[in-house]
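Written below as structure tokens is the structure these notes are about.
In what follows, every chain begins at residue 1, and chains take the letters A, B, ... in the order their sequences are listed.
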Amino acid sequence: MDVTYILDPLNETQREVVSASSDHALVLAGAGSGKTRVLVHRIAWLVETGQVPPHGILAVTFTNKAAMEMRSRIEGMLNRSLGAMWVGTFHGLAHRMLRLHWKDTDLPEGFQILDSEDQSRMVRRVIRTMGVDDSKYPPKQAQWFINTQKDEGLRPKHIDDHNDTWTDQMLRIYQSYEEACQRGGLVDFAELLLRAHELLRDRDDLLRHYQRRFSHLLVDEFQDTNTIQYAWIRLIAGDTGRLFMVGDDDQSIYGWRGARIENIHRFPRDFPEVHTYRLERNYRSTANILAAANAVIANNRSRLGKNLWTSDENGEPIYLYVAFNEQEEAEFMVERIRQWIEDGGHRDHVAVLYRTSAQSRVFEERLLASGIPYRVHGGLRFYERAEIKDALAYLRLVVNRYDDAAFERVINQPPRGIGMRTLETIRSEARSQVISLWSASEALLGRSELLPRATGAVANFLRLIQDLASDTPINDDQPSQTAPGKPLYEVVDRTLQKSGLLRHYKTDKSDRAEARVENLEELVSAVRQFERNEVAYQINVEQDGIDPLAAFLSHAALEAGEARTQGKSVHLMTLHAAKGLEFPMIFLCGLEEGLFPHQRSASNQKQLEEERRLCYVGMTRAKRILYLSYAESRRLHGSEYYQRPSRFIDEIPAKLIQEVRARNSEKSRFGGTKFASKKKTAKTHSTWKTNQGMKDMETQWPPGQSVLHPSFGEGVILCYEGHGPHMRVQVSFSKVGTKWLVLSYAKLQAI
DNA sequence: CGCAGCACCTTTTTT
DNA sequence: AGGTGCTGCG
């Protein structure tokens with residue numbers, strides 16, 4: 001087979017990597033060095049040289065988007081069907097394995113996936129059922145605890161509470177939560193991975209089957225894998241599978257959600273004959289942008305080491321804009337975008353990146369006022385909307401009567417006269433008999449133990465679900481029988497009608513209700529789309545023979561449905577969301593200490609390095625033009641902050657940076673002057689007495705002011721927040737470090 | 001049952 | 001500040 005078409009478009013290193021013959025490969029692929037390209041060409045090369053049939057390949061990514069892109073690019077290259085190749089996300093592939101082997105996993109055939117919101121509700125319910133004080137043990141923390149343990153591959157029995165009350169309580173919650181999920185046939189995201197791992201670990205025959213089948217395993221974004229993901233891959237690889245891991249330690253930005261960068265370090269120790277390759281040639285950015293990004297990341301100590309280079313020209317300098325406040329920062333940015341468009345630039349070639357999602361609002365307001373179309377990435381997605389989840393909950397009950405999470409969600413949605421009293425009765429019956437809410441309801445009805453009014457309502461509800469089920473291609477008595485000729489979208493449509501959901505929102509005349517009706521109608525077309533040409537349908541239903549409705553529900557949970565882009569818009573997103581993307585013009589905003597790097601990461605070296613990598617990721621998104629900006633004052637959750645410029649700015653060689661002023665100079669000069677004079681006033685009068693009013697109190701403690709504290713000693717004011725009696729200052733003490741002090745209590749003295 | 005008012009929280013987010 | 005979720009009341 002002629003494979004020159006696969007190797008020819010590559011540079012020398014890429015070619016070497018793609019045609020590597022060593023057992024295992026670790027590819028450290030810098031930003032913009034052709035990471036996806038290498039993966040795609042590697043797979044194409046393996047298949048075209050006849051080393052492995054598509055069937056023998058397992059390729060894993062983190063996001064559906066990346067998986068889709070990889071799949072379609074391979075398909076485009078090979079011009080043949082990849083039906084038998086496993087390409088998908090960790091969660092998607094784990095799910096596929098569990099569906100195929102549900103009998104071996106102690107799960108019901110119709111098991112369903114809990115998304116984070118479902119999980120959070122479930123945890124709250126469990127805590128309450130246990131009679132635990134949820135103010136002492138907040139559901140959010142318990143949820144975090146559970147997920148963290150699962151990410152590490154730990155079940156309650158593996159965890160030692162070290163005689164710590166808190167850990168012990170968390171363990172109990174974890175335990176009960178697991179039992180509740182098991183009873184309801186429910187699986188959260190982390191559970192998908194953990195179960196898939198346990199399935200292979202405990203079933204020799206299955207493990208051998210998959211080990212024999214997948215002779216080549218390829219992992220994208222290796223630096224983002226967590227413990228259980230890496231363990232799963234190692235298990236399938238066994239002694240014979242060949243691993244091809246692609247990642248970039250400098251772009252590891254998900255440590256906070258369990259990603260183990262150590263996996264990269266461990267890999268060569270876990271497997272013999274790992275060849276390490278470095279892709280350092282960047283095809284994306286100008287030399288100036290790269291030099292700046294390299295300079296920033298060089299400040300990190302824990303690195304495998306890599307230096308990106310380009311043959312591209314220097315290009316424009318890095319622009320830095322110092323704004324008076326966040327309003328002016330946005331104003332400047334919008335003005336520059338306006339010019340860009342005026343000069344013929346495309347709107348969607350521009351991205352505004354920020355550290356926290358709350359920062360988007362000011363930019364949105366300004367863009368809106370200027371009539372520039374924009375799109376905010378992230379946020380609530382289609383399948384996460386309340387009304388959609390209500391509709392899905394009905395369908396979940398149809399598939400699986402014991403799904404308590406779904407039961408709770410819709411038993412009184414739309415309202416059908418089942419109040420807290422009745423629900424509590426059902427819950428307590430379920431609790432005492434250790435059965436599902438559905439079974440508890442049946443039992444209570446059978447014994448006529450509900451209030452007369454509730455009796456009818458509950459009976460109607462149960463009958464409704466049964467009616468829907470008998471309408472539906474799947475039902476409890478004949479689980480695997482698919483009714484011919486009834487499309488799924490009709491089933492969904494009927495569910496919306498019969499459940500009364502649609503009517504409920506149609507009669508509601510609030511402004512939101514209209515959008516909800518539209519969304520529900522959109523759901524029907526989403527289902528139709530799913531049946532017609534979604535890859536997930538082809539694989540799960542047509543190939544694996546999974547029930548269509550169950551497959552659709554999983555699809556909805558696993559792929560929450562990115563909002564559609566409408567036309568060409570300026571992109572607004574967090575730095576995290578920007579990973580993997582590139583734009584000709586980037587605005588990197590809010591470069592202030594405390595915001596970026598974020599306050600909560602400032603205290604510890606490891607977290608600080610992750611912030612720096614985030615900065616590196618942001619900068620390397622830019623192809624031609626990179627704007628940096630910070631605001632001297634910023635309004636954040638209700639109070640004013642004055643912070644120093646981010647240390648990351650100092651880490652960029654000054655010669656690469658050009659400070660810019662707004663073209664709309666009159667206004668900004670006015671703002672700047674005003675601010676400067678205010679600062680001067682503050683310094684001159686720093687000995688004012690506090691009884692001169694709140695305004696004076698603020699000006700008495702300007703950032704930079706040296707102070708003396710009776711017990712902490714000398715320090716310098718970093719910033720302040722709040723007003724009047726709530727006003728607090730952050731002081732960096734030379735002896736005891738940084739502390740927040742409430743001014744009205746602390747006996748601070750200006751020196 | 002629905003609504004109004006109040007406490008609470010607030011980094012990053014995919015699956 | 002602003003949004004969310006819970007409580008208590010009508």
Side-chain angles (χ1 to χ4, degrees), chain A residues 60-67 88-95 113-121 124 128 134-135 138-140 144 147 150-151 187-194 196 221 224-226 228-229 252-259 326 353-362 377-381 383-384 386 412-423 453 457 508 510 554-562 573-580 590 594-602 607 610-611 613-615 617-618 634-641 721-723:
Chain A
V60 206
T61 63
F62 271 82
T63 64
N64 291 299
K65 204 170 146 202
T89 63
F90 275 103
H91 293 87
L93 297 180
H95 167 254
I113 300 172
L114 296 175
D115 69 14
S116 333
E117 193 209 353
D118 300 331
Q119 187 191 33
S120 150
R121 287 165 179 254
R124 187 173 312 154
R128 294 206 174 151
D134 60 4
S135 62
K140 266 196 118 166
W144 181 85
N147 289 336
K150 287 189 179 184
D151 284 347
V187 176
D188 60 47
F189 287 135
E191 184 75 18
L192 285 170
L193 304 172
L194 186 48
E221 308 276 17
D224 288 338
T225 50
N226 63 30
I228 194 73
Q229 286 162 338
S252 158
I253 56 174
Y254 287 112
W256 53 273
R257 64 171 200 216
E326 80 282 355
L353 311 183
Y354 35 81
R355 177 68 236 273
T356 68
S357 32
Q359 285 169 257
S360 77
R361 244 199 56 220
V362 193
H377 293 242
L380 208 57
R381 284 156 339 152
Y383 291 114
E384 290 169 352
N412 202 33
Q413 176 65 13
R416 45 173 72 87
I418 303 173
M420 283 311 281
R421 274 287 290 283
T422 309
L423 190 51
R453 212 168 34 173
D508 184 340
S510 74
S554 299
H555 169 74
L558 287 171
E559 229 172 302
E562 186 63 26
M573 66 188 93
T574 63
L575 285 155
H576 284 88
K579 194 168 87 157
L595 186 61
F596 189 34
H598 198 273
Q599 190 79 65
R600 293 165 97 120
S601 304
Q607 291 182 61
E610 184 152 310
E611 294 280 315
R613 292 194 288 270
L614 197 51
C615 183
V617 166
R634 180 176 297 275
R635 207 168 174 74
L636 218 60
H637 21 80
S639 44
E640 205 86 19
Y641 289 81
E721 67 167 53
H723 299 279

- Task: Output yes if the stacking criterion (under 5.5 Å between centres, under 30° between planes) is met for A:Y254 over the base of B:dT13, else no.
- Result: no
- Would you say the side-chain atoms of A:E610 pair up with the backbone N or O of A:G255, donor to acceptor, closer than 3.5 Å? yes
- Task: Rounded to the nearest angstrom, tell me the gap between atom NZ in A:K140 and atom P in B:dC8.
- Result: 15 Å
- Between B:dT12, B:dT15, B:dT11, which nucleotide has the shortest distance from any of its atoms to the side chain of A:L558? B:dT15
- Message: Please confirm whether the shortest side-chain N or O distance from A:R355 to OP1 or OP2 of B:dT11 is below 4.0 Å.
- Response: no
- How would you give the extent of chain A contacts on DNA chain C, as first and last nucleotide 5' to 3' within a 4.0 Å heavy-atom cut-off? C:dA1 to C:dC6
- Item | Separation of B:dT15 P from A:E384 CD (nearest whole Å) | 10 Å
- Query: Could you state the NE2-C1' distance from A:H637 to B:dC9, rounded to the nearest angstrom?
  - Reply: 9 Å
- Message: Pick the closest DNA chain B nucleotide for A:G92 and for A:S357 by heavy atoms, then say which residue is nearer the 5' end.
- Response: A:S357
- Item | Side-chain N,O (A:R381) to OP1/OP2 (B:dT15) below 4.0 Å | yes
- A:H576 on top of B:dT12's base, within under 5.5 Å and under 30°? no
- Side-chain donor or acceptor of A:E611 paired with backbone N/O of A:H598 under 3.5 Å: yes
- Message: Check this one for me: any side-chain N or O of A:S601 less than 4.0 Å away from OP1 or OP2 of B:dT11?
- Response: no
- Query: Among B:dT15, B:dT11, B:dT13, which is the nearest nucleotide to the side chain of A:T63?
  - Reply: B:dT15
- Message: Can you list everything that forms a side-chain contact (heavy atoms from CB on, under 4.5 Å) with A:N412? Sequence neighbours excluded, please.
- Response: A:P415, A:R416, A:I418
- Taking only side-chain nitrogens and oxygens of A:N64, does any of them come within less than 4.0 Å of OP1 or OP2 of B:dT15? yes
- Message: Within this structure, what is the CG-NE2 distance for the pair A:L353 and A:H576, rounded to the nearest 0.5 Å?
- Response: 12.0 Å
- Item | Proximal nucleotide (of B:dT15, B:dT13, B:dT11) relative to the A:T574 side chain | B:dT13
- Query: Ignoring hydrogens and geometry, is there a side-chain-to-backbone donor-acceptor pair from A:Y354 to A:M573 under 3.5 Å?
  - Reply: yes
- Query: Between A:M573 and A:I418, who's closer to the 5' end of DNA chain B by nearest nucleotide?
  - Reply: A:I418
- Between atom CZ in A:R257 and atom P in B:dT15, what is the gap in whole Å? 8 Å
- Check: A:N147 side chain, A:A190 main-chain N or O, donor-acceptor pair, under 3.5 Å: no
- Message: At 4.0 Å (heavy atoms only), tell me whether A:R124 reaches a base, stays on the sugar-phosphate, or touches nothing.
- Response: sugar-phosphate
- What integer number of Å spans the P atoms of C:dG5 and B:dT12? 16 Å
- Taking atom P of B:dT13 as reference, at what distance in whole Å does atom CG of A:D188 sit? 20 Å
- Length of the CD-P vector between A:E191 and B:dT14, whole Å: 22 Å
- Sugar-phosphate, base or nothing in reach of A:D115, heavy atoms under 4.0 Å: nothing
- Note on the structure: A:N147 atom CG is separated from B:dT12 atom P, nearest whole Å, by 18 Å
- Test item: A:R613 side-chain N/O and A:S252 main-chain N/O as donor-acceptor pair under 3.5 Å: yes
- Using a heavy-atom cut-off of under 4.0 Å over every strand shown, decide if A:G378 touches base, sugar-phosphate, or nothing. nothing
- Drop me the distance from A:R635's CZ to A:E326's CD, to the nearest 0.5 angstrom. 8.0 Å
- Query: Take atom CH2 in A:W256; do more than 12 heavy atoms of anything else shown fall under 6.0 Å from it?
  - Reply: yes
- note: A:H91, atom NE2; B:dT14, atom C1'; distance rounded to Å ~ 8 Å
- Message: Side chain of A:S116 only, heavy atoms from C-beta on: which candidate in B:dT12, B:dT10, B:dT15 is closest?
- Response: B:dT15
